[in-house]
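See structure below.
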Amino acid sequence: QVQLVESGGGLVQAGGSLRLSCAASGRTFTGYVMGWFRQAPGKEREFVARIRWSGGDTYADSVKGRFTISRDNAKNTVYLQMNSLKPEDTAVYYCAGGIGPSSLIGTYDYWGQGTQVTVSS
């Protein structure tokens with residue numbers, strides 16, 4: 001059974017930092033693109049960042065320069081370092097795995113259960 005398990009969420013003040021982790025089990029994600037998405041209350045789930053197996057990364061404009069995605073293929077783990085957090089970053093953050101280098105939700109086959117990030121002003 002494939003599982004993606006996120007951790008590292010929590011409550012932080014504006015301007016602070018958090019590091020999210022996503023550990024994959026049940027299969028190797030060799031060649032897969034790993035992505036982070038988020039969903040705020042009352043809003044649709046949106047793309048945050050993605051990283052190719054080779055390490056090439058892409059970010060949403062709203063987080064560019066503040067968030068960094070990385071992966072440790074040997075550990076089957078992907079990370080999201082979030083700096084200079086803003087109240088508008090408050091959301092449930094999900095990691096996902098897919099084949100294509102896409103930002104579209106529908107192209108990701110595997111999803112975690114999500115971790116809550118709350119940024120207070």
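Residue numbers count from 1 along this sequence. Scope of the values below: all heavy atoms of this structure, side chains included, with no hydrogens, waters or symmetry mates.
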Legend entry - Heavy atoms of other groups near Arg52 CZ, more than 12 under 6.0 Å: no
Minimum-distance pair of heavy atoms, taken over all atoms of [X] and [Y]:
| X | Y | value |
| --- | --- | --- |
| Arg71 | Tyr32 | NH1-O, 2.8 Å |
| Val78 | Ser70 | CG2-O, 3.1 Å |
| Phe37 | Ile105 | CE2-CG1, 3.7 Å |
| Ala23 | Thr77 | CA-OG1, 4.1 Å |
| Ala96 | Leu4 | CA-CD1, 3.9 Å |
| Gly114 | Val92 | CA-CG1, 3.8 Å |

Inset, instruction - Please round to the nearest 0.5 Å and tell me the distance separating atom OG of Ser84 and atom CZ of Phe67. - result: 9.0 Å
Inset, instruction - Determine whether Leu20 and Tyr59 fall in the same hydrophobic cluster, where Ile, Leu, Val, Met, Phe, Trp and Tyr are linked whenever their side-chain heavy atoms lie under 4.5 Å apart. - result: yes
Legend entry - Side-chain ion pair, Lys86 and Asp89, N-O less than 4.0 Å: no
Legend entry - Whether Thr90 side chain and Val119 backbone form a donor-acceptor pair below 3.5 Å: yes
Inset, instruction - Could you list all the side chain to side chain donor-acceptor pair (under 3.5 Å) pairs where at least one residue sits in residues 98-107, not counting sequence neighbours? - result: Arg50-Ser103, Ser102-Thr107
Inset, instruction - Check the pair Gln39 / Tyr94 against side chain to side chain contact (heavy atoms under 4.5 Å, CB included), numbers first and verdict last. - result: CA-CA 8 Å; Gln39 187 166 17; Tyr94 299 88; 4.2 Å; yes
